[in-house]
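Just below is one structure, and these are the notes that go with it.
Whatever order the structure lists ligands and atoms in, that order sets their numbers, starting from 1.
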Amino acid sequence: MKIVRSKPELRESLAAPRRSGRRIGLVPTMGYFHEGHLSLMRAARRECDVVVVSLFVNPTQFGPGEDLDAYPRDEQRDAELAQLEGVDLLWIPTVDQMYSEGFATAVEVAGDLTGVLEGEPDHRGPDHFRGVTTVVAKLLNSVQPDAAYFGRKDAQQALVLQRMVDDLDFPVEIRAMPTIREEDGLALSSRNAYLSPDERERAVAISRGLRAAERAAAEGATSTQALVEAALKVLRQAGVEPEYVEARSADDLSTIAELNGRPVLVAVAARVGKARLIDNVLITPAPEEPSDSSQEAPL
Ligand code: PAJ
């Protein structure tokens, strides 16, 4: 595995494989790798000839008072883990390189996708997604991958990035991959490192709440409110007061009242100790019961 730190080095390393038409996959990350990150690298390894991982703790997606300075970092361990996954190129740019003097451009997905859930002013706010889309646009332009890999753990982020590449004609396939969890259900996150043993126990209520919402849907709940209430009950029993629990259309994050056959995203954000954790579950409608006539029809 090669570690590159400058854009010229990156371009030079990718020139030959690009010329020979090899499929290039990019996994953008902020480091402190866990199985979630590694699962994206594995997917890229399976589907691409050349796997590039970027490691950059992007300051512009952190608000004032968020955890930019405390964000966990361990470059050497990350490099070892990436190497074990067969990553070809680990790109670790500096902040100065990414945001050189006079930097004045932003890429912004406007509207409902970025103004709700994490994008609400009371939560991370719309600037958060502007930071994400701007840096991912830069990463995509620098690497020019055929495919880029993201986790559904950040479902809203994946939707926003898909919108950006559709709207701006980025010639890249966005691959949104399943959330990797601890055995008890807690979604893996670099921020889990902030949890004390006691907080770690309480944090599992987030995924349990989401399972409860999923169960409510499976047992025939008809309203999104019923899903939210099922999740809230589990969270509150564990003493976790969420910033939000919302059930929205998984396609465009619009509000929906009734579970009328459309896929629903139930999303939670909650602070447990110093950690602000997010998680979600995608609830897809059960396949329709076969009608009498289809039961009678010969196969
Ligand atoms: P980061 O939080 O490091 O996450 C990098 C990628 O790993 C994201 O696509 C995220 O959704 C995915 N991921 C995180 N936890 C996961 C889990 N438990 N299972 C599966 N995938 C998981 O997300 C970012 O960095 C940044 O916003 C970035 C896209 C790199 C832009 O700066």
Side-chain angles (χ1 to χ4, degrees), residues 25-44 51-63 66-68 70-75 77-78 81-82 85 87 90-93 95 98-99 106-107 109 114 117-119 124 127-143 145 147-165 170 172 174-194 203-204 206-207 210 265 267-269 275-282:
L26 171 65
V27 182
T29 79
M30 299 202 299
Y32 213 68
F33 296 154
H34 51 64
E35 278 294 318
H37 297 113
L38 302 184
S39 73
L40 300 181
M41 296 176 203
R42 275 173 217 145
V51 177
V52 183
V53 172
S54 62
L55 193 176
F56 180 61
V57 182
N58 172 38
T60 69
Q61 69 188 75
F62 289 78
E66 286 188 2
D67 58 344
L68 174 61
Y71 199 81
R73 298 165 206 240
D74 190 341
E75 200 179 288
R77 176 175 165 276
D78 285 349
L81 289 171
E85 295 304 333
V87 168
L90 179 62
W91 175 33
I92 313 180
V95 174
M98 290 299 273
Y99 300 109
V107 178
V109 172
T114 54
L117 301 176
E118 290 295 280
R124 296 197 75 179
D127 289 356
H128 165 66
F129 285 115
R130 193 190 310 124
V132 170
T133 42
T134 302
V135 81
V136 173
K138 287 170 65 65
L139 298 171
L140 292 174
N141 281 336
S142 301
V143 175
Y149 294 79
F150 297 92
R152 291 214 194 99
K153 153 81 166 39
D154 301 280
Q156 185 176 14
Q157 171 172 276
L159 277 175
V160 168
L161 291 170
Q162 182 69 61
R163 185 82 257 156
M164 175 185 84
V165 307
F170 280 79
V172 65
I174 298 291
R175 303 277 291 121
M177 312 307 289
T179 300
I180 306 298
R181 300 177 178 282
E182 301 278 10
E183 230 163 74
D184 65 0
L186 179 71
L188 293 180
S189 164
S190 305
R191 292 189 168 96
N192 293 350
Y194 301 147
V204 77
I206 297 172
S207 56
L210 291 169
L265 183 79
V268 177
R276 184 180 181 282
L277 303 177
I278 60 170
D279 197 357
N280 65 79
V281 68
L282 176 66

R77 NZ/CZ over Y32 ring centroid, <6.0 Å and within 45° of normal: yes
Would you mind telling me if ligand 1 is within reach of the side chain of R152, the backbone, both or neither, using heavy atoms under 4.0 Å? neither
The protein heavy atom nearest to atom 31 (C) of ligand 1 is Q61 OE1, 3.4 Å
Test your reading of the model: is there a side-chain donor-acceptor pair from T133 to the backbone of V107, 3.5 Å cut-off? yes
Which heavy atom of the protein is the closest neighbour of atom 19 (N) of ligand 1, given with residue, atom name and distance? I180 N, 2.8 Å
Just jot down the ligand 1 atoms closer than 4.0 angstrom to any heavy atom of V135, in number order. 31 (C), 32 (O)
Does a side-chain heavy-atom distance below 4.5 Å link H37 with V27? no
Closest non-hydrogen atom pair between S207 and D279, with its separation: CB-OD2, 3.8 Å
For the pair N58 (side chain) and M30 (backbone), establish whether a donor and an acceptor sit closer than 3.5 Å, ignoring hydrogens and angles. no
If the plane angle is over 60° it's perpendicular, under 30° parallel, otherwise tilted; pick one for F56 and Y99. tilted
Do any N or O atoms from the side chain of E118 and from the backbone of Q156 form a donor-acceptor pair under 3.5 angstrom? no
Return the residue, atom name and 0.1 Å-rounded distance of the protein heavy atom closest to atom 20 (C) of ligand 1. P178 O, 3.4 Å
Quick test: of every protein heavy atom, which one is nearest to atom 13 (N) of ligand 1, and how far off is it to 0.1 Å? D154 OD2, 4.2 Å
For atom 2 (O) of ligand 1, which protein heavy atom lies nearest, and how many Å away is it? Y71 OH, 3.9 Å
How does M177 reach ligand 1, if at all, at less than 4.0 Å between non-hydrogen atoms: by side chain, backbone, both, or neither? neither
Do any N or O atoms from the side chain of D127 and from the backbone of G63 form a donor-acceptor pair under 3.5 angstrom? no
Going by the 4.0 angstrom heavy-atom rule, the piece of L40 near ligand 1 is side chain
Hey, is ligand 1 close enough to S189 that some N/O pair sits below 3.5 Å? no
Nearest non-hydrogen protein atom, atom 25 (O) of ligand 1: M30 CG, 3.5 Å
Considering heavy atoms of the protein only, find what lies nearest to atom 4 (O) of ligand 1 and give residue, atom and distance to 0.1 Å. H37 NE2, 3.6 Å
Please identify which atoms of ligand 1 are closer than 4.0 Å to at least one heavy atom of H34. 14 (C), 15 (N), 16 (C)
Counting non-hydrogen protein atoms only, what is the nearest one to atom 21 (N) of ligand 1? Give residue, atom name and distance. G151 CA, 3.5 Å
With a cut-off of 4.0 Å, which atoms of ligand 1 are near a heavy atom of L188? 15 (N), 16 (C), 17 (C), 18 (N)
Return yes or no for this condition: an N or O of F150 is under 3.5 Å from an N or O of ligand 1. no
Under 3.5 Å: donor-acceptor pair, side chain of T179, backbone of K153: yes
Can you list the ligand 1 atoms lying under 4.0 Å from a non-hydrogen atom of G36? 16 (C), 17 (C), 19 (N), 20 (C), 21 (N)
Ligand 1 versus K153: contacting region, heavy-atom distance under 4.0 Å: side chain
Smallest heavy-atom separation, V51 atom then M41 atom, equals CG1-O, 4.5 Å
Donor-acceptor contact present, side-chain D67 to main-chain P72, <3.5 Å: no
